[in-house]
Amino acid sequence: MRVVLIGAPGAGKGTQGVELAKRLGVAYLATGDVLRDHVERGTDLGRRVAEYLDRGELVPDDVVVDVVCDHLAPLADDGGYVLDGFPRTVAQAQAAEELLPGGLADVVVYLDLPDDVARERLDQRDDGRSDDDEDTIDHRLEVFHAETEPLVGFYEDRGQLRRVDADQPPTAVLAAIEAVLS
Ligand code: AP5
């Protein structure tokens, strides 16, 4: 099972992705975590992407596609994955389809959340992410609507999209995701 979670910042991709992967018995991969890990370790990649993360901008497509596809190919052979944060653009989705022999996703779950609820959640998050100040949160939401939201139509046209109301308690969101996957 290969599940892709898309949604605005704060929609709950990480919260749900970790739990869903456990339930499905597959790997969980979050591109934001992978990139932040490179920044923390000070790798070449980390130095290249740090500014994008801090500004709430997307890292260039070619950089992310290479990193993600390297991680995904073995996972796809090993039962699948829940993928959080990739693709973020239609170009990333198309590139991944070409690079991965079996395609990127069986199902794409869109966690649908109003911006004002997303802002409240990110304001209250207590793990101190460098991109969680008020202006950067606003910018991340703008970037989501401009760059990532077109994926909703892209996957709808392909019959792969399942929409879930993310404005519910976490356990209810998880149940709704499991319902659309079954
Ligand atoms: P990334 O790490 O993916 O961040 P994001 O999309 O901004 O998402 P968040 O992690 O903030 O939110 P989430 O939807 O995971 O929600 P969460 O479960 O954490 O990306 C960071 C950066 O990396 C990007 O800006 C970009 O620079 C770069 N990047 C990553 N992927 C890229 C790509 N493919 N291409 C280019 N660049 C890329 O929950 C948020 C908060 O809400 C938590 O406190 C949580 O406890 C709470 N919460 C969750 N669910 C609920 C609920 N149901 N009810 C109440 N509270 C809830």
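Counting starts at 1 for both ligands and their atoms, in listed order. Since the structure is predicted, the reported quantities are computational estimates derived from the model, not experimental observations.
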**Q** Which of the atoms of ligand 1 are close to Gln92, meaning less than 4.0 Å from one of its heavy atoms?
**A**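 Contacts of ligand 1 toward Gln92, numbered from 1: 33 (C), 34 (N), 35 (N), 36 (C).
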
**Q** Under a heavy-atom criterion of less than 4.0 Å, does Ala8 contact ligand 1?
**A**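 Contact check Ala8 vs ligand 1: positive.
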
**Q** I need the atoms of ligand 1 closer than 4.0 Å to a non-hydrogen atom of Thr31, numbered in the order shown.
**A** 30 (C), 31 (N), 32 (C), 34 (N)

**Q** Purely on distance, is any nitrogen or oxygen of Asp131 under 3.5 Å from one on ligand 1?
**A**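 No; every N/O pair is 3.5 Å or more apart.
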
**Q** Purely on distance, is any nitrogen or oxygen of Val64 under 3.5 Å from one on ligand 1?
**A** no

**Q** N/O of Arg88 under 3.5 Å from N/O of ligand 1, yes or no?
**A** yes

**Q** Under 3.5 Å between any N/O of Gly7 and any N/O of ligand 1: does that happen in this structure?
**A** no

**Q** Find all atoms of ligand 1 within a distance of less than 4.0 Å from any non-hydrogen atom belonging to Arg36, and give their numbers and elements.
**A**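 Ligand 1 atoms under the 4.0 Å threshold to Arg36: 2 (O), 21 (C).
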
**Q** Any salt bridge linking Arg162 with Glu156? Criterion: basic side-chain nitrogen under 4.0 Å from a carboxylate oxygen.
**A** no

**Q** Enumerate, atom names and distances included, each donor-acceptor pair closer than 3.5 Å involving a side-chain atom of residues 165-179, sequence neighbours excluded.
**A**
unit_1 : atom_1 : unit_2 : atom_2 : d
Asp165 : OD1    : Asp167 : N      : 2.9
Gln168 : NE2    : Asp165 : O      : 2.7
Glu178 : OE1    : Arg23  : NH1    : 3.2

**Q** Answer yes or no: is there an ion pair linking Arg36 with Glu40, defined by an N-O contact shorter than 4.0 Å?
**A** no

**Q** How far is atom 48 (N) of ligand 1 from its nearest protein heavy atom, and which residue and atom name does that atom have?
**A** Arg121 CD, 3.9 Å

**Q** Below 4.0 angstrom from a heavy atom of Leu122, which ligand 1 atoms are there? Numbered from 1 as shown, please.
**A**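 Selected atoms, number and element: 11 (O).
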
**Q** State the atoms of ligand 1, each with its element, that fall below the 4.0 Å cut-off from a heavy-atom position in Pro170.
**A** 52 (C), 53 (N), 54 (N)

**Q** Using distance alone, with no hydrogens and no angle criterion, decide if Asp115 and His145 have a side-chain donor and acceptor under 3.5 Å apart.
**A** yes

**Q** Tell me if the CZ atom of Arg55 is crowded by more than 12 foreign heavy atoms within 6.0 Å.
**A**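 For Arg55, atom CZ is crowded (more than 12 foreign heavy atoms under 6.0 Å).
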
**Q** For Asp138, is there an ion pair with Arg119 - N to carboxylate O distance below 4.0 angstrom?
**A** yes

